[in-house]
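In what follows, a single structure is set out as structure tokens and then discussed.
Along the sequence shown, residues carry numbers from 1. One-based numbering, in listed order, for ligands and for the atoms of each.
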Amino acid sequence: MDSKTISGFSKLNKIGKIRWIAENFFKDPEAVVHELKSFWYANEAKQKVLDGFSENTISNFPMPFGVAPNFIINGEAYTIPMVIEESSVVAAASSAAKYWMSRGGFKTQVLGTVKLGQLHFKWKGDFQKLVALEKRFASYLKHEVKDLTYNMNKRGGGIAGVRFKDLSSEIPNVRQLMIEFQTCDSMGANFINTILEKASEILDRFLVQEDSLTGEEKDYEKIMAILSNYTPDCLVRAEVFCSVDELGSFGDVEANELASRFCTAVQIARVDPFRATTHNKGIYNGVDAVVLATGNDFRAIEACGHTYASRDGQYRSLSYCEVKDGQFRFWMDLPIAVGTVGGLTNLHPIAKRSLELLGNPSAEKLMQIIAATGLAQNFAAVRSLVTTGIQKGHMKMHLMNILNHLDASEEEVDAVSEHFEDNTISFSEVRKYVDRLRSA
Ligand code: MEV
């Protein structure tokens with residue numbers, strides 16, 4: 001067997017896994033073992049909790065945990081926890097938060113909280129017959145899963161609706177059952193998937209028992225049951241507005257010009273998918289950072305947002321801007337399915353602290369906080385792009401990363417920062433300059 005493949009890897013203990021990797025993939029195995037072990041939690045119980053989240057864990061992967069203060073959302077002040085590896089993101093969020101703090105803050109509103117699950121199956125009958133049975137099946141389903149939905153019902157959630165969809169014109173005999181859920185403060189993935197798998201058995205039984213169906217109309221073949229991460233009706237609106245004059249100037253761009261350039265930039269992202277992708281990436285810089293910090297699933301939320309951004313057939317900016325009657329308004333509607341109970345939210349020690357920092361919000365409140373952070377991020381990025389350009393701030397942070405990498409002393413940091421105020425920053429140029437300082 002090739003030394004780079006192995007059977008029974010998962011059966012090795014953690015140090016056995018590390019040793020196998022260190023010895024077969026690295027030139028300096030002892031250093032690798034030491035380094036990976038150095039990121040273990042000293043507290044064994046805490047490490048066990050983290051190890052429980054995934055498989056074949058060998059160490060922890062540190063990411064910066066930062067905060068952006070001064071967010072005013074619907075009149076309430078928040079300091080927002082953010083986990084992100086990209087420099088300038090937290091600084092940009094903080095700067096936009098402070099800017100809007102003196103202009104009324106962020107206004108947010110939950111527009112819907114519907115989560116969705118799909119059961120795909122093969123069925124040969126006339127689709128209209130299924131549609132006619134929708135109501136009856138909905139009651140039957142709710143009755144049959146009442147033990148499973150008991151707790152969720154008590155909290156005000158549960159199954160909210162049922163509809164059949166016909167996919168047979170594209171894939172022979174394939175139909176879909178879409179179930180709408182309310183999952184209160186939980187993300188609800190396990191709840192939804194459990195109900196969906198049960199719904200398959202229940203639909204099979206229902207079709208057999210249904211008097212209006214005969215022959216092959218009673219035959220049911222399950223394909224798959226899983227939640228849909230596209231939740232266009234689990235939606236939150238975030239907006240900021242002020243008079244154009246109040247915008248003030250930025251760099252050497254005065255308020256009127258800033259408003260006009262800003263809106264044009266957003267319009268470009270509405271019509272051009274290449275720009276829209278980068279524009280929306282800026283939104284998700286903020287969104288993902290809060291989603292991660294609060295122990296939620298950023299892949300689900302991004303996947304959903306990008307589908308939503310393409311809902312009319314073209315990928316577009318998620319945000320909008322309008323200047324009308326001397327008023328500047330910048331807003332977006334974003335689908336965000338998150339939870340504040342269950343899952344990692346209560347198990348991850350820092351996610352738990354993040355939620356505490358936010359005042360232990362409900363899922364609806366967290367949707368609003370996340371949307372405001374995404375809009376702040378988008379505002380800061382677009383404002384920089386249409387005024388000073390993005391590189392100025394970015395490269396300042398990048399310079400600090402380079403200096404850390406070069407183990408620069410405080411005096412070197414000062415000298416380098418001064419020199420590169422007016423010179424173009426690149427790794428090689430900074431290294432050259434530091435070498436020169438060191439050999440002087
Ligand atoms: C960089 O991470 C994000 C930006 O590119 C977003 C944008 O261009 O709007 C600055």
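No donor-acceptor pair closer than 3.5 Å links the side chain of D233 to the backbone N or O of V114.
For atom 6 (C) of ligand 1, the closest heavy atom belonging to the protein is T278 O, 3.5 Å. Looking only at protein heavy atoms, the nearest one to atom 10 (C) of ligand 1 is I390 CD1, 3.8 Å. Nearest protein heavy-atom contact of atom 3 (C) of ligand 1 is N285 ND2, 3.5 Å. Closest to atom 1 (C) of ligand 1 among all protein heavy atoms lies E86 OE2, 3.5 Å. Looking at atom 9 (O) of ligand 1, its nearest protein heavy atom turns out to be R275 NH2, 2.8 Å.
The K281 neighbourhood of ligand 1 comprises atoms 1 (C), 2 (O), with distances under 4.0 Å to a heavy atom of that residue. The atoms of ligand 1 that sit less than 4.0 Å from any heavy atom of H279 are 9 (O). The contact set between ligand 1 and L385, taken as ligand atoms under 4.0 Å from a residue heavy atom, comprises 7 (C), 8 (O), 9 (O).
Remark: the D245 side chain and the S243 side chain contain no N/O donor-acceptor pair separated by less than 3.5 Å. Side-chain contact check for S95 and R383: at least one donor-acceptor pair (N or O, by modelled atom type) lies under 3.5 Å. Side-chain atoms of H306 and E302 include a donor-acceptor pair closer than 3.5 Å. Residues N74 and Q368 bring a donor and an acceptor atom of their side chains to less than 3.5 Å of each other.
A cation-pi arrangement, defined by a distance under 6.0 Å to the six-membered ring centre and an angle within 45 degrees of its axis, is absent between R431 and F427.
Counting heavy atoms closer than 4.0 Å to ligand 1, residue N378 contributes nothing at all.
Considering N56, D51, T57 as possible partners of K14, the one that fulfils the side-chain hydrogen bond (donor to acceptor under 3.5 Å, both in side chains) test is D51.
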